[in-house]
Amino acid sequence: MHIIELIFSPLLALLIGVFFLGLARKVMARIQWRYGPPVTQPLIDIIRLLSQKSASHGVAFNIGLVMSLAGSLVITLFLPFGKIAPMSNSGGMLVILYLMLIGPLGMAISSGESANPNASIGISRKLLLAMGYELPFLLVVLALMTAYNTTSITEIVSLQRDTGWSMFTFPLVLSGIAYLLILPAMLGVRPFEVVNAPQEISSGPLVEYGGPYLALATLQHALAFFIGISLFVNLMWGGAANPVIFFLKMLVVFFLGIFVNAVFPRLRIDQAIRYLWRWPSLIAFAGLILVCVTGS
Amino acid sequence: MDRNQLKKWFQNPVKMAHKYSLHVVYFCTGCGIIEIPPSITARWDAERFGIIPVATPRQASLFIIAGYVSLKTLRSIIRTYEQMPEPKFTVSLGSCPINGGMYYDSYNTIKHLEKYIPVDGMIAGCMPRPEAIFVGVTHLWTLIDKDMADGYKRYRSNYSAYRANQEKILGKLEWPPLFPIHGEE
Amino acid sequence: MTGMEILLLVAFGGVMLTYILGRISSSLRNTFAVVLSLVLVVIIALMYDKTGETIFYRGFFGIPMSFRIDALSWLFAMATSVLGCLSVIFSLSYMSDRKNISFYYSMLFLVNAGMLGVVFSGDLLSFFIFWEIMSWSTFLLISFNRGPAVAAGLKYIIMSIIGSMAMLAGTISLYTNYGTLNIADLSHLTVSASPGYQLFLLIIFGVAFGIKNAVMPLHTWLPDAYTEAPSPFSAVLSGMLTRMGIYGFLLIIYVVVGAARFLHAADSTVSSFNYVLAWLGAITIVIPTFIAMLQNDAKRLLAWHGIGQGGYMILGIAFGTNMGVAGGIFHTLNHAIYIVLLFMSVAAIQYRTGGVRDLNSLGGLIKKMPVAFIGALLGICGLIGVPLTNGFVSKWMIYKTLISGRAPFLAFAALIGSWGTILSVYKFLHNIFLGQLPEKYRDIKQSPFNMKLPIIVLSSTILLFGILPGLPLRVINKIVVSFGFDSLNISLWGIVSESGMLNTINLFAAILAGLIAVWLFFRIGARTIPVKQDDNYAAGAAVPRDRYSYTAKYYDPLFRMISPYLKDIFNTFYMKIADLTGYLSNGIRKIYTGYVGNYVMYIVLFISLMIFVQMKWSPW
Amino acid sequence: MVNPVLLIAVPLGLAFMVPLIDSASRKLTRFVPVAALMFNLILCIRLIPAVLENPIVINLGGFTPPFGINLFVGPLGLLFAGLISLAGLVVSIYSLSYIKNGPVVKYHMLYMLLLTGATGVVLTGDLFNLFVFFEILCISSYALVAYHGDRAGIESSIKYLIQGTVGSGLLLIGIGFIYGIFGTLNMADIAMKIATVEQSTLFVPMILMVAGLGVESAIFPLNAWLPDAHSSAPSSISAILSGIAIEVGLYAVARIVFTVFGISDIYLFFAFLGILTLLIGEMCAFAQSNIKRMLAYSSIGQIGLILFALALATNNTVTGGLFQLVNHTISKGLLFLSAGYMIYRSGSMEISSLNGMGKRMPLTSLAFTVGAFSLVGLPPFAGFPGKFLIVSGALLKGQMVINILVGLVLLSTVIEGTYFFRVIQALYFKDGNGERKRAPATAVTAMITLMILIVALGVYPKFLADFLSSASSDLLDKMSYVGSVLK
């Protein structure tokens, strides 16, 4: 049973991630009064990309991308999906926080090796954006960990079963608001889409990726999407005892993100950081203080 | 999706994927580009066929040259084409890439794009409307189905000739040959 | 004659011999240097798991000076000697075309011997003496490169003397109060010390060790010194020498004062000192990490990180739980490994590019110097604390301590420091190794073998300690227990605490499996074609050579936002004080006017002063 | 048993023999001081065991004190005498090649007179005799400062002369007062009778004597002659002036204050004065760009430190102070000697002109470095034990004021370190031009001797410590002094 979970939970995550990507394109199209591609479109793209013969810029170009995807896959082993969390007793929230670095870092090394300044600019923006949302995000996570007095994400989830969803319980409500405010940035959707800006910097880090590279990058993107949503559901919305309910919750968060994506224009990177470091951070900070004051 | 389609998907998923996932890099220096925005936005919505514009040739599988090609842009067209990963398809838009069109006597415009890069499909018209673009795309599907969209293979096998043509009109090129040139081996 | 005496004899004797041999033949000297450093490693390795104390000298006014070995000193000595050995091997070719190489080597050994002396000192007097030897020999090496290095060296030695003087005052105060300087004796005697006196001790030694470890308001010597010292020595400087401050903190807080006994006492000054120290550590993490982001000099960037990482160690050991202290010590060890690796990678680049360390003028060297790249990559992974590298485990322990110790704001400082680290070290990696290779470095060669060897050794150690942290943690656990804490619950590949656990071997297996799976998946796709860097997307144009890269102003948007707040105000402040001293001195100098009439008047004034004093207070 | 009178008699006699020897053999002249001081040194060493048992009191002309003049060879006096002969010997070896031009005969003669005077001051037990020896010391040093005969030398010599004369005058007046009060000039006798008179009547002679001796011992603010004189004298003489002359002055102050007057109320005042001297000396040195002036100001600072140590008047601090004094003599001597040759080579006294000397004169630079390290108080050199003893003795007193003063001492060490390390950097880490040239063998011998001494004292301070400890009790224990003189 454990082995099966170990093997299938990453695959499930990939599947859901890719499904979300397809759904996102469909929903966006419907919002824009278009018919839109089939939901399976990302899968078709990936098959096509894998069959193409692309230019490679060197070993790190390959390894970095592989590392990035592998890192993201490993996170899914630590994140509870419903009750499925095959490796949750090998490390908790801190491990997840750090594993979340491997994805961007691998991507950064890979696209850095491509020797294209567009990629470098994209990476620079990506890291800056990450810096921007990590500040409030860390405050939120610390508030949670302090409030529940644990660093294990499964415990955070199970404790919410007793106390109610963190988002709606008293000391954590501010953190919940802050998390909602930074969620688009963590998912990389529109107001914070400046990293990949295709028109400005030729899709940034992806500029030299073609064929299988782009396929891996797409999968990584899908996984990142999955992880972002799943984290929110687990940390703030009580997770779920049942994978189906968990999936439904994820779907709700996903739609929220897509709607934001559909109606907002893109922010410049400095505007994005300024936004993230102002209200979300202040609220998250207040939330942490609130937790400290009421907790002790 | 009918049964026929499904059967095709199982028989050759790669080919089907190529058909329904055309990522396009538009070469937008000609006047044909004015027809592209309607075709990819809500009015005609090319995305329902899996056709979306991408930012760089590396990510693309279809190259649409929208209109006349001047000497200056030819250089970039060749470069862009060579940077696309194989398999790749080229479609030209309008009369000008076919035979020079209204610029047939211009000193500075390419008359026959095929001499410099292989073109899989040409959509005539001045300018072709978006519908014509979709007709062109469906023709391309047929070609892919029949393995006749083999421009990239031709480019590879006849590279010496293409390169010679390119150098004849552009002079020395800044980049090294993509494939080995036969005459020199 | 015990092992420690032989060791120190070898270490100090080697200093002279190296110099003398250098006058005879350079290859003889090089061989001797390598052999000597290896012998030191072997001797120390043989002393594993020994404890003991021997008095070696009574010549200093009869104060017994002794050597002492326990787990703590063994760990530091081992790290020192191994890193010293690697640094010597690395120097063989790095220094080969410089002048005064014999001087360099002998000073390197003197620094090394000084450090060994410091960690093996069984009493505070020999501690101080070795500490001073270490300090001034460091000064001579920092200034070795001349030019701007001279100012850096002066800055270092001034701050170092300030620290030493504080330490001297503390040491002598202990001596006058207890009549002994033996550390083991003192640790029994200080139990009865008043809280005020304990605080005094902690503060006065804290100044000394804080300067050495570059804790935030006392850090200003470090960036210049690291930047200007010869690179293999920068490695030693950042890896071990600066961390003698951590050794000192451990010694004074947990051995001499024995803080483990007082941390939970109600009226304890120790715990409030530790609390303040922890906050200083947090500040030391955050501000230097962000300043590092703004640097364009590879070594200076690393130097600021050296300060920042020191903050983690301080935070860990000041928090004062068994896991925190263990994390702090482990981080010291880990930091030594990866920062040495990083400095060596930079040095390898410098060696081949003719001393270039400006981040804006390098690039694309991954193809030319892959080993240096691997070193730098693993080094920054360790620095960030990417899982499976050693830095992760120690940082995890520190975070863990802070969170379960209910100090979320300290934890926040530590975590945000890590995220700031990513930004700056990625810039470091990118601007040196990734991006476009400039034309002038097109024919650059790989680094020579003796540069590769230390890099490879250290890289594998990073992974080894990351995957099997139990290896060093066993020793560290002994140290923690000897401080009077509870034993940690560790296994070879993991740590268990009451609020969550870590299992690195599972993590390793998962990541390995993930990598293999993704690699296979990647290989299913079509073949890839290797291309040159010129075959690159440039909107259809040919790639402009030397200009198609993005290195300068890498984080410009952030830079513009935060740079007004990130001035090194302390440096400015100290410089102001230095200026003021100069100004004041110049003013005082004018007392001596050069006019003899004034001088005679001074004599008269002196007499009248004495008369005045007598008439006013009649003291005699 | 050898007669300690020879310590004074031999150099004095040989000093006047110098012109005669010179007329006999030109070459031999230079070796006269070497021989004389060698003799003195051996004599001092041979006297050590005896003196450690019991101080030797010599009654000149057979008159017993308080009626005759007596010499008192206690551990303290012998320490000074030994130090004088040692430093004198090393400097005279150094002078063999350093002093080549100018009135060589007069140099050697005056040099020996200077040392005779110094030895006399530290050995005598009679106030007026002390004054006489002091005058010998001063007058010969006035002349030696102007040895080069250049404008700067003569000017500073005149300044020195004026201030020195004022000081001597004050001293003489003070001695006159004392004689008027007690009718005796024997120090032991005065010390015994001192309790019999009203304390306030002693005030005037005391300040006069302190001020008079203070001029020679360079206590602030009486030290204005020192920077000029030390910097314009030949370097060998600077070494002696810094290493011997002012220390001897300090000895006299200490002897008079501790032994003759023995008024403990004034000690704190002297401690403050010492710290003031220390700080001002170090800060002035910090502001200098002229190496010899820098060293001269540094001497002022060291004198301040020693004065502070002596003024605390405990066995520990006085031992530390004496250790620091020994260290200062050796180190400052070494610094002046090495700086002298570097100046000789570069032709300028600016610190910037010493750039790159480490390459050109490696041994001399090394000597300077060792001297500087030692003076700053870095282990394992001789400065560290002294500083250790002073600070530990001071902290042992446990008074807040003293603790603060100790803080100032440590602060001044920082300033001192700064300017010395600046010079060391100039020597080794700045590029200069000029060819490599060794210092002559005699200078090298002198410098190496001092270097070995510095390291030996730093590594094994104990072999001096016992002797210093009895020297300090000699200084502090007034009653035994009186007892041993007036048996």
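- Per-residue heavy-atom pair counts under 4.5 Å with chain B were compared for A:A29, A:G210, A:P37, and the maximum is reached by A:P37.
- Side-chain atoms of B:K8 do not come within 3.5 Å of backbone N or O of B:P13 as any donor-acceptor pair.
- Contacts of A:L214 with chain B are made by side-chain atoms alone, with heavy-atom separations under 4.5 Å and no backbone atom involved.
- Figure legend: cation-pi geometry between A:K249 and A:F254 absent, as NZ or CZ is not positioned both under 6.0 Å from the six-membered ring centre and within 45° of its axis.
- No donor-acceptor distance shorter than 3.5 angstrom exists from the side chain of A:R268 to the backbone of A:A272, with no hydrogens or angles considered.
- A heavy-atom distance below 4.5 Å is found between the side chains of A:L181 and A:Y275.
- Both the backbone and the side chain of A:L206 come within contact range of chain B, each with at least one heavy atom under 4.5 Å from a heavy atom of that chain.
- Inspection of non-hydrogen atoms places no residue of residues 125-151 of chain B under 4.5 Å from chain A.
- Taking 4.5 Å as the heavy-atom cut-off, the residues of residues 14-26 of chain B that approach chain A are B:V14, B:A17, B:H18, B:Y20, B:S21, B:H23, ordered by number.
- Minimum interatomic distance between A:R125 and A:I201 (heavy atoms only, all atoms of both residues): NH1-CD1, 3.7 Å.
- Of all non-hydrogen atoms in A:T76 and A:P10, the two that sit nearest each other are OG1-CA, 3.5 Å.
- Using the six-membered ring where Trp is involved, A:H57 and A:F61 have ring planes that are perpendicular, over 60° apart on the 30 and 60° scheme.
- When each of A:L43, A:I46, A:V207 is scored by its heavy-atom pairs under 4.5 Å with chain B, the top score falls to A:V207.
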(request) Run the numbers on A:Y209 and A:S203 for side-chain hydrogen bond (donor to acceptor under 3.5 Å, both in side chains), then give the verdict. (result) CA-CA 10 Å; A:Y209 290 155; A:S203 69; over 6 Å; no
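- A donor-acceptor contact shorter than 3.5 Å links the side chain of A:S111 to the backbone of A:M107.
- Here the two rings, on B:Y155 and B:Y81, have centers that are under 6.0 Å apart.
- Between the side chain of A:Q52 and the backbone N or O of B:P87 there is at least one donor-acceptor pair closer than 3.5 Å.
- The two residues A:M100 and A:L231 have their closest heavy-atom pair at SD-CD1, 3.7 Å.
- Taking 4.5 Å as the limit, every side-chain heavy atom of A:H221 sits out of range of all side-chain heavy atoms of A:F226.
- When all heavy atoms are compared, the tightest approach of B:I33 to B:P37 is O-CD, 2.9 Å.
- With hydrogens and angles disregarded, a donor-acceptor distance shorter than 3.5 Å links the side chain of B:S157 to the backbone of B:K153.
- Against chain A, no residue from residues 105-121 of chain B qualifies, as none has a non-hydrogen atom under 4.5 angstrom away.
- For A:Q41, the part sitting under 4.5 Å from any heavy atom of chain B is the side chain, from C-beta outward, and nothing else.
- Chain A is approached within less than 4.5 Å, heavy atom to heavy atom, by B:A42, B:D45, B:E47, B:R48, B:G50, B:I52, B:A55, B:T56, B:R58, B:Q59, B:A60, B:S61 from residues 42-65 of chain B, ordered by number.
- At a threshold of 4.5 Å between non-hydrogen side-chain atoms, the residues A:N261 and A:M28 count as touching.
- Residue A:I31 qualifies as enclosed at atom CD1: its count of foreign heavy atoms under 6.0 Å is above 12.
- In this structure, the side chains of A:L23 and A:L251 come closer than 4.5 Å at one or more pairs of heavy atoms.
- Put simply, the side chain of A:L77 reaches to within 4.5 Å of the side chain of A:S9, judged on heavy atoms.
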